[in-house]
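Notes follow once the structure below has been shown.
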2 protein chains.
Amino acid sequence: MPKESPPAVGVTLDRYDRQILDILQRHGRINNQELAERIGLSPSPCLRRVRALEDNGLITGYRALVDAKRLGHSLTALLHISMDRHTPERFANFEAKVAALPQVQECLLITGQEADYQLKVVVHDMDDYQNLLLNQITRIEGVTGAHSSFVLRRVLEHRPVPSYSDTPH
Amino acid sequence: MPKESPPAVGVTLDRYDRQILDILQRHGRINNQELAERIGLSPSPCLRRVRALEDNGLITGYRALVDAKRLGHSLTALLHISMDRHTPERFANFEAKVAALPQVQECLLITGQEADYQLKVVVHDMDDYQNLLLNQITRIEGVTGAHSSFVLRRVLEHRPVPSYSDTPH
DNA sequence: ATGATATTGGAATTATATGCCAAAAAAATC
DNA sequence: GATTTTTTTGGCATATAATTCCAATATCAT
């Protein structure tokens, strides 16, 4: 089993790195010259730092955000799933099945609810949702319950993880 | 009040556009030359299409993804919030207060649960979480209840919205 | 088929990224 | 506190990529 990401110890970020992370989390496709200008460094050290953050695994990737509604996915739902048994096999199988469904945007293993997983799914309409739920998800081995919430409005989404010591402790 | 995004009608995407959306959702910082190569177009029309998708609002932005744990945010929680009254004022105030909290990654107005909102928050540890919950969130006017779930593992995250007709209807 | 409209590909130009190295800054040592 | 060592920066040269323009091609409607 792969080791989890190393402890945060050893990652020392200065003001420049934090600024880079903050800006790239908001403007992932900004070019290096402008990024350098914004943080107050010349382009070469700025690029070196970005590469280092990528190589360190602090930056794990880049994504374009798309308007799901415009793409025809009018309905977003949160699905809370309960499993019968909490064995690694059950979980691994469920996760593999769910990963094969393109409608699933997110899958989190959670505690604190009566559920084991929370899925976030996007579909065209309620018919598609019903189909996904009844014909795909509830048929996965071990699934004993599913509770649906629908997203009425996205108030905040894709907000940057604080890279400054916003949260002193 | 601002009008919601126009109906999906009128957005006609061909094979190239769909490929662009799919690739950029996975590799948001890919350069135009490689993108062009992958979709089988020369760079100039490819770039034109990307710009068009951005201008149309189909692509709403770009984000770098960061490893929250590496940044010291070891704990991710889902918070279900109930409100006393469902008035626009209550909601607007809650949303503004929540938007001011950098730990809040996401805020969704939902139905189907006993809750009105689901928040996704990242914090350093349980002490920070307690502080956020008790001193910030539950003190917002109108909040009558909060139920916490903790994210044990991120199985899937930031998956692309289907741009192909994966989901025929 | 034919004309009108939209889209492409390639060349020229402009802008940006990248590698290199001397200079400056920061950190460690005495 | 001065000096050496280590790290980081800034600027230049070069390579790579973005952008614009337009003739050529493809698509669409009639």
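In the text below, chain A, chain B and the rest are named by the order of the sequence lines, each starting its count at 1. Computed from a prediction, not measured in an experiment: that's the story for all the values here.
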Hey, does the side chain of [X] reach the backbone of [Y] with a donor-acceptor pair shorter than 3.5 angstrom?
X: A:His73; Y: A:Val121; result: no
X: A:Gln25; Y: A:Val161; result: yes
X: A:Asp128; Y: A:Val123; result: no
X: A:Arg159; Y: B:Ala99; result: yes
X: B:Thr138; Y: B:Leu133; result: yes
X: B:Asn32; Y: B:Pro43; result: yes

Which is the 5'-most and which the 3'-most nucleotide of DNA chain D that has an atom under 4.0 Å from a heavy atom of chain A?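 Going 5' to 3' along DNA chain D, contacts run D:dT8 to D:dG11.
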By the definition side-chain contact (heavy atoms from CB on, under 4.5 Å), identify the one residue from A:Asp22, A:Ile20, A:Leu58 that meets it with A:Ser163.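 By the side-chain contact (heavy atoms from CB on, under 4.5 Å) criterion, A:Ser163 pairs with just one of A:Asp22, A:Ile20, A:Leu58: A:Asp22.
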Please write out which residues are connected to B:Ile110 in a hydrophobic cluster, directly or through intermediates, given that two of Ile, Leu, Val, Met, Phe, Trp, Tyr count as joined at side-chain heavy-atom separations below 4.5 angstrom.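 Reading the cluster by chain and number, B:Ile110 sits alongside A:Leu78, A:Val151, B:Leu108.
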Under the side-chain contact (heavy atoms from CB on, under 4.5 Å) test, residues paired with A:Arg29 that sit two or more places apart: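 Counting only residues at least two positions away or on another chain, A:Arg29 forms a side-chain contact (heavy atoms from CB on, under 4.5 Å) with B:Leu24, B:Ile30, B:Tyr62.
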Answer yes or no: is there a side-chain heavy-atom contact under 4.5 Å between A:Arg90 and A:Glu141? yes
Roughly how far, to the nearest 0.5 Å, is CG of A:Leu109 from CG of B:Leu156? 11.5 Å
Roughly what angle, to 10°, lies between the helix axis at the start of the helix from C:dA1-D:dT30 to C:dC30-D:dG1 and the one at its end, five pairs per end?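 Helix axis angle between the two ends: 50°.
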Check DNA chain D against residues 46-61 of chain B and give the residues with a non-hydrogen atom under 4.0 Å, in numerical order.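 Nucleic-acid contacts, sorted: B:Leu47, B:Arg48, B:Arg51.
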Residues from residues 29-45 of chain B lying under 4.0 Å of DNA chain D - heavy atoms: B:Asn31, B:Asn32, B:Gln33, B:Ser44
Start with the C-alpha gap between A:Arg49 and A:Leu41, add the side-chain angles, then the distance that decides, and say whether side chain to side chain contact (heavy atoms under 4.5 Å, CB included) holds. CA-CA 10 Å; A:Arg49 281 166 177 269; A:Leu41 260 185; 3.7 Å; yes
